[in-house]
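Reading through the structure tokens given below for one structure.
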Amino acid sequence: MKKKTKKILVLNGPNLNMLGIREPDVYGRRTYRDLVSAIEEHAKERSVFVTVFQSNSEAVLVTKIQRAFGIYDGIVINPAAYTHTSIALLDAVKAVSIPTVEVHLSDVSEREDFRQVSYVRLAAAKTIMGRGFDGYLEAIDYLLDEVFADGGGAK
Ligand code: DQA
């Protein structure tokens, strides 16, 4: 029988739209568009449906997570600065119970003290940090290979 194509929602928080311009020493010179292309290309290779979305607004991100309920099989989220502040994002992920992977481009564990707290991590199946763009691709692979456990893509 034909398996249903898995759906993954990739969410990016504030200032990630500024990739390429923003602190290139930390985040590199590739742009947000480049990130979206890398994710979409990987999704195509893995035969998984992805939606990639960015917002600077906590409320918009919360609403996106709520609306993922019943539609998406997994979430990959880089909440950016909201990682360290947002109980609302944590509660949204808990509310929908969709397997979620937390991603950070930089290795936040090696950065300032205020970046050592992550609320969303409390509900995340896994955290990937310090792997740059590859972290997002690894998060998709993790969902497909470990969480969905059936290879994920259309067969
Ligand atoms: C980030 C790390 C956060 O501390 C920071 O606020 C970001 C990006 C990362 O991808 O490394 O905006 O989430």
Side-chain angles (χ1 to χ4, degrees), residues 6-46 48-69 72-147 152:
K6 296 290 185 192
K7 291 194 173 93
I8 296 175
L9 176 63
V10 181
L11 291 176
N12 285 301
N15 300 306
L16 289 169
N17 56 315
M18 298 296 282
L19 285 177
I21 298 164
R22 153 185 211 208
E23 301 178 80
D25 295 351
V26 179
Y27 300 112
R29 296 207 176 267
R30 288 191 289 169
T31 66
Y32 183 70
R33 261 275 117 222
D34 294 336
L35 174 63
V36 174
S37 299
I39 294 167
E40 287 176 348
E41 203 173 297
H42 189 69
K44 211 168 157 192
E45 277 165 21
R46 295 293 323 254
V48 61
F49 177 88
V50 287
T51 303
V52 188
F53 180 81
Q54 188 276 334
S55 177
N56 294 323
S57 158
E58 183 178 21
V60 171
L61 292 166
V62 167
T63 302
K64 274 280 172 189
I65 294 167
Q66 290 179 0
R67 290 192 180 149
F69 182 72
Y72 288 92
D73 302 292
I75 294 173
V76 172
I77 186 166
N78 181 349
Y82 293 139
T83 307
H84 319 300
T85 61
S86 181
I87 298 167
L89 283 176
L90 166 65
D91 284 349
V93 169
K94 286 172 101 170
V96 295
S97 292
I98 297 171
T100 296
V101 180
E102 174 192 16
V103 171
H104 299 286
L105 293 159
S106 65
D107 183 354
V108 283
S109 73
E110 298 287 326
R111 298 182 65 193
E112 301 93 327
D113 286 352
F114 62 82
R115 294 186 207 275
Q116 301 315 311
V117 172
S118 167
Y119 288 102
V120 91
R121 193 163 308 161
L122 300 171
K126 189 181 175 70
T127 298
I128 298 171
M129 57 174 89
R131 307 273 305 124
F133 284 13
D134 284 350
Y136 288 82
L137 315 187
E138 289 166 17
I140 289 169
D141 288 343
Y142 176 78
L143 285 170
L144 292 176
D145 300 335
E146 307 291 332
V147 178

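Order of listing sets the numbers, starting from 1, for every ligand and every atom in it.
Here Asn78 has side-chain heavy atoms under 4.0 Å from ligand 1, and that is the only part of it that gets that close. With a 4.0 Å cut-off on non-hydrogen atoms, Val26 does not touch ligand 1 at all.
Put simply, no part of Asn15 is less than 4.0 Å from ligand 1, judged by heavy atoms. Close to ligand 1: Arg22, with a non-hydrogen atom less than 4.0 angstrom away.
Ligand 1 has a nitrogen or oxygen under 3.5 angstrom from a nitrogen or oxygen of Ser106. Residue Thr83 has no nitrogen or oxygen atom sitting less than 3.5 Å from a nitrogen or oxygen atom of ligand 1, judged on distance alone. Looking at ligand 1, you'll find an N or O of Ala81 within less than 3.5 Å of one of its N or O atoms. For ligand 1, one of its N or O atoms has an N or O atom of Leu105 under 3.5 Å away.
Interface atoms of ligand 1 facing His84, defined by a heavy-atom separation under 4.0 Å, are 3 (C), 4 (O). Close contacts of ligand 1 with Val108, meaning ligand atoms under 4.0 Å from a residue heavy atom, involve 2 (C), 4 (O).
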- Task: Evaluate side-chain hydrogen bond (donor to acceptor under 3.5 Å, both in side chains) for Tyr136 paired with Asn12, printing each intermediate quantity in order.
- Result: CA-CA 11 Å; Tyr136 288 82; Asn12 285 301; 2.6 Å; yes
- Item | side-chain hydrogen bond (donor to acceptor under 3.5 Å, both in side chains) between Glu102 and Ser118, intermediate numbers included | CA-CA 9 Å; Glu102 174 192 16; Ser118 167; 2.8 Å; yes
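Annotation: Arg67, atom CZ; neighbour count of heavy atoms from other residues, nucleotides and ligands within 6.0 Å does not exceed 12. For CD of Glu41, the number of neighbouring non-hydrogen atoms (other residues, nucleotides, ligands) closer than 6.0 Å is 12 at most. Environment of CZ in Phe69: sparse, with no more than 12 heavy atoms of neighbouring residues, nucleotides or ligands closer than 6.0 Å.
For atom 1 (C) of ligand 1, the nearest non-hydrogen atom of the protein is His104 ND1, 3.7 Å.
Taking the six-membered ring for Trp and thresholds of 30 and 60 degrees, His84 and Phe114 have ring planes more than 60 degrees apart, a perpendicular arrangement.
Residue Arg115 holds the heavy atom nearest to atom 6 (O) of ligand 1 of all those in Met18, Glu112, Arg115, Glu102.
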